[in-house]
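Each remark here refers to the structure printed beneath this line.
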Number of protein chains: 2
Amino acid sequence: MERPGIELDTSLGYLLKEASSALRGSMEEVLRPLGMTITHYSCLELLAQRPGLSNSELARGTFVTRQSMNVLLQALERDGFVERASEPPTGRALPTRLTASGRRSLDQASAAVRSVELRMLAQLSDAEQADALRILRTMVRSLRGERD
Amino acid sequence: MERPGIELDTSLGYLLKEASSALRGSMEEVLRPLGMTITHYSCLELLAQRPGLSNSELARGTFVTRQSMNVLLQALERDGFVERASEPPTGRALPTRLTASGRRSLDQASAAVRSVELRMLAQLSDAEQADALRILRTMVRSLRGERD
DNA sequence: CGTTCCATGTCAGTAGTCTGACATACGCTG
DNA sequence: CAGCGTATGTCAGACTACTGACATGGAACG
């Protein structure tokens with residue numbers, strides 16, 4: 001046949017999607033009992049490490065649109081997990097912070113997610129993990145670089 | 001602070017999500033002018049390499065549920081890109097095949113997707129690409145292994 | 001032979017994310 | 001200072017994929 005299709009078995013793109021899908025499935029599995037989605041968790045985790053991020057910054061950090069993050073933030077604020085400034089200190093960006101309740105909720109989720117990540121890395125040496133970090137960063141840079 | 005959260009900057013899970021998101025964005029960008037989504041394209045590509053796959057097999061190969069794939073297959077059949085057997089040869093599985101129109105549509109999409117994949121790999125040596133394949137396969141196996 | 005279990009196809013409802021659109025705030029530049 | 005471009009927040013609608021549910025066909029087993 002010799003058609004110029006993409007060989008799935010040796011395609012890094014396909015394998016990347018497969019790995020990402022497997023990770024997503026495992027994370028959803030452990031977060032579901034906590035009543036959390038992945039984006040939900042990602043938002044809280046990002047806020048813990050970088051308090052005061054705005055809606056748009058959180059959206060970029062979790063790889064969703066700012067519209068989607070806006071919907072999520074409204075729910076998180078309504079449920080008391082985060083609080084947003086009522087007035088923008090400058091521009092239009094509203095800084096967001098975790099509440100004590102949000103922090104407790106996040107701590108549970110972090111433990112669950114860390115167990116998944118440890119399982120994913122269990123069969124990899126430190127050198128392989130470092131290689132993977134470097135290679136994935138290179139791939140991201142190449143994909144973004146020529147598109148912007 | 002020393003809270004036991006996950007360090008995003010050095011987390012392979014986070015980077016995996018970032019890389020997958022960047023790849024998805026680039027693929028959507030080149031497939032959109034062709035009127036195709038990623039799952040749409042993935043289904044056709046899979047059918048080209050393995051003609052006669054059933055709905056459930058296509059779903060597993062593209063990492064969506066069989067319900068989602070069913071909706072997509074109905075649309076693809078309606079638009080004349082694939083054809084399904086009217087009667088199951090055995091069991092309930094209905095084999096699916098590309099039509100000539102579907103093949104033409106796929107060839108355009110394949111070229112576009114291949115250009116994205118080439119760009120993603122441009123800065124990686126052959127050895128690095130092989131390492132990435134091996135490491136990602138190991139991660140997938142670890143994630144699936146303990147869940148089933 | 002009948003029961004049990006699993007895989008498949010399909011329908012319906014739900015949830016999460018996206019695109020499109022608009023108003024507002026800041027920075028740059030003529 | 002007026003105009004332009006960019007970034008942000010937000011609302012509304014559409015779309016995609018998901019979960020839940022049910023029926024059917026085959027295989028394994030007692």
**Asked** Sub-3.5 Å donor-acceptor pair from the side chain of A/S68 to the main-chain atoms of A/V64, do we have one?
**Response**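 Side chain of A/S68 to backbone of A/V64, a donor-acceptor pair under 3.5 Å: no, none is there.
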A/S26 side chain vs A/L23 backbone, donor-acceptor pair below 3.5 Å =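 No: the side chain of A/S26 does not pair with the backbone of A/L23.
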Original post:
Could you give the angle between the helix axes at the two ends of the helix from C/dC1-D/dG30 to C/dG30-D/dC1, with five pairs per end, rounded to 10 degrees?
Top reply: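 Angle reported: 30°, given to the nearest ten degrees.
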Just N and O in the side chain of B/S56: are any of them under 4.0 Å from OP1 or OP2 of C/dA7?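 No, B/S56 has no side-chain N/O under 4.0 Å of OP1/OP2 on C/dA7.
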Touch check for A/L94, heavy atoms < 4.0 angstrom, all strands: base, sugar-phosphate only, or nothing?
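If one applies the 4.0 Å heavy-atom cut-off, A/L94 turns out to touch the sugar-phosphate alone, with no base involved.
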Point to revise | Under the side-chain contact (heavy atoms from CB on, under 4.5 Å) test, residues paired with A/S42 that sit two or more places apart | key: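 With neighbours one apart ignored, the set is A/I38, A/T62, B/K17.
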Both B/S54 and A/V71 contact DNA chain C. Taking the nearest nucleotide for each, which residue is further toward the 5' end?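 Closer to the 5' end of DNA chain C: B/S54.
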Can you tell whether the side chains of B/E57 and B/R66 come within less than 4.0 Å, N to carboxylate O?
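Salt bridge flag = no for B/R66 with B/E57.
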Contacts under 3.5 Å, N or O only, protein and nucleotides 25-27 of chain C:
residue : atom : partner : partner atom : Å
C/dC26  : OP1  : A/G91   : N            : 3.3

ask   = Does any pair with a residue in residues 125-139 of chain A pass salt bridge (charged side-chain N to carboxylate O under 4.0 Å, His left out), and if so which ones, sequence neighbours excluded?
value =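 Found A/E128-B/R134, A/D131-A/R134, A/R134-B/E128.
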**Study point:** Covered region of DNA chain D, 5' end to 3' end, by chain A [heavy atoms, under 4.0 Å]
**Key:**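 Extent of the interface on DNA chain D: D/dT8 to D/dT19.
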Pairs: protein N or O with nucleotides 11-16 of chain C N or O, under 3.5 Å:
residue : atom : partner : partner atom : Å
C/dC11  : OP2  : B/Q74   : NE2          : 3.2

